[in-house]
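Ligands are counted one by one from 1 in listed order, and the atoms in each one are counted from 1 as well.
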Amino acid sequence: MPVDYDAISSAYASSRSANRGVVDELLAHVTLGTESKVLEVGCGTADHIAALIDACGCNGWGVEPSAGMRGHAPTIDRLQLVAGTAEAIPFAAGFFDFIFTVNVAHHMQDVAAYFREAKRVLKPDGTLCTVTESTEMIRNRNPLSHYWPATIEPELARYPTVETLLNAMQQAGFSDPASHNIGTPVAIADSNAYRQKAYSSLLLISDAEFETGLKQLESDLQSGPVAGNSEYVCIWGTV
Ligand SMILES: C[S@@+](CC[C@H](N)C(=O)[O-])C[C@H]1O[C@@H](n2cnc3c(N)ncnc32)[C@H](O)[C@@H]1O
């Protein structure tokens, strides 16, 4: 069943932010300037596209199906958000220099349709990046998989594998397929984001499983910040 992002948009906006490692990866791989046209598909509250605009002054767009998530995006120059989905991107052919997604591939109904749409709306020399998690990364998530191990199997069931994404991207006609793992240690200082279920995997388990993990996390936090990780695989392609 699709996650109701309207329902969790306030929790998401108050507890999630752009991942600095992801932003650095995008900036390191694509040359962007004030003339560049960049699209984040499934932008949510637009944290990542806003960070890119801030870093390089590009022109940014976000496509996002949830009105609640769009409503929490910042109002900044050079950023425009529109309603839409990955499978039907509401832009003309050949419009963008760079398109990316962060934490969205597992929500798509049809990743093959997304890659076809991305290819259509990219310029002939455009670049695509899909930021997601590999099977191993999902199993090793901390805090999520450590405190809530019941999330692992439902997550593996909904996440397309790296191989699936690479194949679908190439089937759509993208070249130069490459994947690059990034990761940073994180220190979890409080349980707010987890208590509010700002991570959609926590909606996939029973109340009892959720409460058990939360109780353990909050107990461990009494001794100080909990050491965790934040790992992603970035899947690249060019038109
Ligand atoms: C985990 S959030 C990620 C938001 C943002 N990319 C970020 O990194 O903060 C997943 C987002 O994907 C959106 N989404 C769900 N289904 C989608 C689809 N078929 N096409 C595009 N976005 C979708 C959700 O509404 C939600 O905002």
Side-chain angles (χ1 to χ4, degrees), residues 1-27 38-55 60-74 76 79-91 96 98-121 128-133 137-138 141 144 151 154-155 158-160 165 168-169 172 182-184 186 193-194 196-204 230-235:
M1 197 167 68
V3 175
D4 182 354
Y5 269 96
D6 284 339
I8 65 169
S9 61
S10 294
Y12 197 99
S14 65
S15 59
R16 304 278 295 261
S17 57
N19 181 292
R20 196 62 236 177
V22 168
V23 175
D24 288 346
E25 164 84 5
L26 302 183
L27 290 169
V38 180
L39 172 65
E40 180 177 4
V41 173
C43 66
T45 53
D47 294 333
H48 287 97
I49 185 65
L52 269 194
I53 294 168
D54 187 48
W61 283 262
V63 165
E64 167 57 45
S66 160
M69 295 292 271
R70 292 196 309 276
H72 285 283
I76 57 172
L79 173 62
Q80 296 177 54
L81 300 191
V82 295
T85 67
E87 294 85 351
I89 299 174
F91 284 91
F96 294 106
F98 176 45
I99 297 179
F100 69 98
T101 63
V102 183
N103 285 330
V104 177
H106 59 290
H107 291 297
M108 294 177 194
Q109 304 297 310
D110 184 347
V111 291
Y114 165 59
F115 287 123
R116 286 194 297 272
E117 276 291 85
K119 180 141 189 302
R120 180 184 66 78
V121 298
L128 183 74
C129 185
T130 304
V131 181
T132 182
E133 290 166 273
M137 288 170 181
I138 291 168
R141 280 176 180 167
L144 283 171
T151 61
E155 283 291 76
R158 70 176 181 159
Y159 267 70
L165 292 169
M169 190 176 71
I182 59 173
T184 47
V186 294
Y194 305 93
Q196 295 181 80
K197 298 191 182 180
Y199 294 90
S200 66
S201 59
L202 296 174
L203 302 170
L204 306 176
S230 171
E231 295 185 308
Y232 289 106
V233 55
C234 305
I235 300 171

For the residue pair Y159 and H106, does the interplanar ring angle fall in the parallel (under 30°), tilted (30 to 60°) or perpendicular (over 60°) class?
-> parallel

Any Y12 heavy atom less than 4.0 Å from ligand 1 | yes

Test item: E64 side-chain N/O and G44 main-chain N/O as donor-acceptor pair under 3.5 Å | yes

shortest atom 8 (O) of ligand 1-to-protein heavy-atom contact is with H48 ND1, 3.1 Å

Under 4.0 Å from any heavy atom of E40, which atoms of ligand 1 are there?
-> 5 (C), 6 (N)

Is the backbone of I138 close enough, under 3.5 Å, to the side chain of E133 for a donor and an acceptor to pair up by distance?
-> no

Starting from atom 19 (N) of ligand 1, which protein heavy atom do you reach first, and at what distance in Å?
-> E87 OE1, 3.0 Å

Can you check whether A193's main-chain N or O pairs, donor with acceptor, with R16's side chain at less than 3.5 Å?
-> no

Just going by heavy-atom distances, which of P65, A105, G42 is nearest to atom 17 (C) of ligand 1?
-> P65

Considering only heavy atoms of M69, which atoms of ligand 1 have at least one such atom less than 4.0 Å away?
-> 27 (O)

Who's the nearest protein heavy-atom neighbour of atom 15 (C) of ligand 1, and how far?
-> H107 CB, 3.5 Å

How far is atom 1 (C) of ligand 1 from its nearest protein heavy atom, and which residue and atom is that?
-> Y5 OH, 3.2 Å

Got the closest protein heavy atom to atom 12 (O) of ligand 1, with its distance?
-> V104 CG2, 3.7 Å

Judged by non-hydrogen atoms, does E64 sit under 4.0 Å from ligand 1?
-> yes

Aromatic plane relationship, Y5 with Y12 - under 30° parallel, 30 to 60° tilted, over 60° perpendicular = perpendicular

Taking only non-hydrogen atoms of G44 and a 4.0 Å limit, the atoms of ligand 1 in range are 4 (C), 27 (O)

Donor-acceptor contact present, side-chain R70 to main-chain G62, <3.5 Å | no

Under the 3.5 angstrom rule, does the side chain of E87 hit a backbone N or O of D110 as a donor-acceptor pair?
-> yes

Kindly say whether N19 contributes a backbone atom to a donor-acceptor pair with the side chain of H48 at under 3.5 angstrom?
-> yes

Of the protein's non-hydrogen atoms, which lies at the shortest distance from atom 21 (C) of ligand 1, and what is that distance?
-> A86 N, 3.4 Å

